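First up is the structure itself, then whatever we jot down about it.
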Amino acid sequence: MKILVLNCGSSSIKYQFFSLVDNSLIAKGIVEKIGMKGSFLKHEKQDGQKVIFEGEIMDHKIGIEYILGVLSSAKHGCISRLEEISAVGHRVVHGGELFTESKLVDEDVINALEKYTELAPLHNPPNLKGIYALRALLPSIPQVAVFDTAFHTTMPVYSYMYAIPYALYKKYGIRRYGFHGTSHRFVSMRACEILGRSCQGLKVITCHLGNGTSVCAIKDGHSVDTSMGFTPVEGLIMGTRSGDIDMGAVSYIMDKEKIGTKSASVLFNKHSGLLGISGLSSDMREIREGADKGDERCQLALKMFDYRVKKYIGSYAAAMGGLDVLIFTGGIGENSDTTRSGICEGLEFLGIDLDESINQGLRGKEAVISKKDARVKVMVVPTNEELMIAIDTQKIIEHLKN
Ligand code: ADP
């Protein structure tokens with residue numbers, strides 16, 4: 001079975017094409033600058049062969065036509081007929097309270113997603129554009145929606161509610177939803193596979209540290225808490241997002257700077273985090289370079305980043321009444337040994353004890369990085385949200401056939 005996975009953003013479409021006979025990636029690529037000057041498609045085959053097509057990619061439908069075109073092209077493609085695509089799996093950011101698992105796309109799903117665009121105005125509309133485009137281009141191919149929020153729908157009510165008037169929850173759905181769910185689910189499942197353990201009875205904390213960052217507490221395979229909230233700005237310090245901040249400071253800044261909600265949202269989402277503190281970059285590698293050269297604000301940004309993750313690990317261990325497995329993933333979690341050390345330092349009282357001879361220099365590879373006799377298994381597990389989406393899609397399609 002061959003599955004196309006799409007991640008449609010506002011001006012880009014990332015895609016991966018899998019063969020699920022052996023979970024292998026056949027091809028991947030990205031359409032960028034949709035609706036702008038200089039739009040193009042970059043396509044890469046499994047053997048590393050790359051090709052770029054420039055063109056007037058004015059909307060998502062044309063972008064998807066490009067993708068289908070290259071996948072089925074004689075020269076660069078990997079299928080001879082589009083019917084070889086068994087199904088399309090979409091990354092959908094917000095599934096609200098309704099979608100507790102991945103779903104076959106039908107009218108009801110589309111209507112619900114239209115409703116949830118209010119909750120994710122930047123993300124759900126392009127996700128929907130991808131779904132509509134595929135419906136128009138390949139109406140007989142089933143589509144599956146895989147939600148970032150679904151994994152967190154198991155959070156208990158006392159964990160997802162904000163202490164604001166209850167009526168606002170009822171009226172507008174103001175609560176914590178959490179994001180990155182597909183990644184937290186994938187790496188926690190993979191860790192259990194690697195350890196040869198059932199997720200039942202395990203207390204796991206997953207740290208997804210990329211440009212966006214979040215931590216998740218997973219008990220018996222279910223998310224019981226996560227650091228992102230109503231929007232992805234809550235929680236950890238991120239590349240450009242502030243993470244947790246006193247809302248009193250938010251309104252004070254808005255008053256003093258005479259800015260409205262739109263500008264405030266840009267300030268806390270795009271100009272804060274590592275970029276805001278360092279004044280240099282949102283990219284962890286550049287911050288690390290700056291810190292190594294003695295830049296004090298880069299050094300501060302690193303300390304703050306590690307400290308915030310450490311605090312969440314402590315609080316989630318308390319929330320679950322213990323901890324068995326701690327997982328690092330995402331660009332930073334998978335590649336930065338110094339970040340992993342900085343976060344774990346001083347957590348020996350929780351049973352976290354890194355084996356630096358394994359941790360140092362480890363990049364992008366699955367490994368247990370804690371000492372053999374440590375109470376908590378600390379692991380690096382590279383995330384693969386696209387594969388998880390493809391696997392979910394396959395399961396739903398196979399279920400349809402039976
Ligand atoms: P996204 O959330 O956009 O998918 P990624 O998961 O790719 O982002 O993570 C991007 C982050 O990973 C950047 O801050 C980048 O600096 C960091 N990163 C990538 N490689 C390394 C590395 N070798 N050492 C430290 N940080 C790294």
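Indexing begins at 1, ligand by ligand and atom by atom, following the structure's order. On a predicted model such as this, the values are computed, not experimentally measured, just so you know.
At the top of the distance list for atom 14 (O) of ligand 1, counting protein heavy atoms only, stands Met284 N, 2.9 Å. Of all protein heavy atoms, the one lying nearest to atom 23 (N) of ligand 1 is Asn335 CB, 3.4 Å. Closest to atom 24 (N) of ligand 1 among all protein heavy atoms lies Arg285 CG, 3.7 Å.
Between Thr213 and Ile237 the shortest heavy-atom distance is OG1-O, 3.1 Å.
The pair Glu398-Lys395 does not meet the salt-bridge criterion, since no charged nitrogen lies less than 4.0 angstrom from a carboxylate oxygen. Ion pairing of Lys171 with Glu118 is absent here, as no side-chain N (NZ or NE/NH1/NH2) approaches a carboxylate O to less than 4.0 Å. Ion pairing of Asp244 with Lys311 is absent here, as no side-chain N (NZ or NE/NH1/NH2) approaches a carboxylate O to less than 4.0 Å.
With hydrogens and angles left out, the side-chain atoms of Ser281 and Asp283 include no donor and acceptor closer than 3.5 Å. In this model, a donor atom of one side chain and an acceptor atom of the other lie less than 3.5 Å apart for Glu356 and Asn359.
Evaluated for a side-chain hydrogen bond (donor to acceptor under 3.5 Å, both in side chains) with Arg91, the options Asn127, Asp148, Thr182 yield exactly one hit, Asp148.
At least one N/O-N/O distance between Gly331 and ligand 1 falls below 3.5 Å. Below 3.5 Å of separation, one finds an N or O of Asp283 facing an N or O of ligand 1. Where the criterion is an N or O separation shorter than 3.5 Å, residue side chain and backbone included, Gly210 fails it with respect to ligand 1. Considering backbone and side-chain N/O of His208, none are found under 3.5 Å from N/O of ligand 1. Between Asn211 and ligand 1, an N or O atom pair is found at a separation short of 3.5 Å.
Of the candidates Thr338, Ile332, Thr383, Ile287, Ile332 brings a heavy atom nearest to atom 11 (C) of ligand 1.
His152 places a side-chain heavy atom less than 4.5 Å from the side chain of Cys216. Counting heavy atoms from C-beta outward, Leu98 and Tyr116 have side chains that approach closer than 4.5 Å.
Distances shorter than 4.0 angstrom do not occur between any heavy atom of Gly239 and any atom of ligand 1.
For ligand 1 and Gly212, the ligand atoms under 4.0 Å from any heavy atom of the residue are 2 (O). Remark: ligand 1 atoms within the under-4.0 Å shell around heavy atoms of Ser336 are 25 (C).
Distance remark: protein heavy atom present below 4.0 angstrom from atom 3 (O) of ligand 1.
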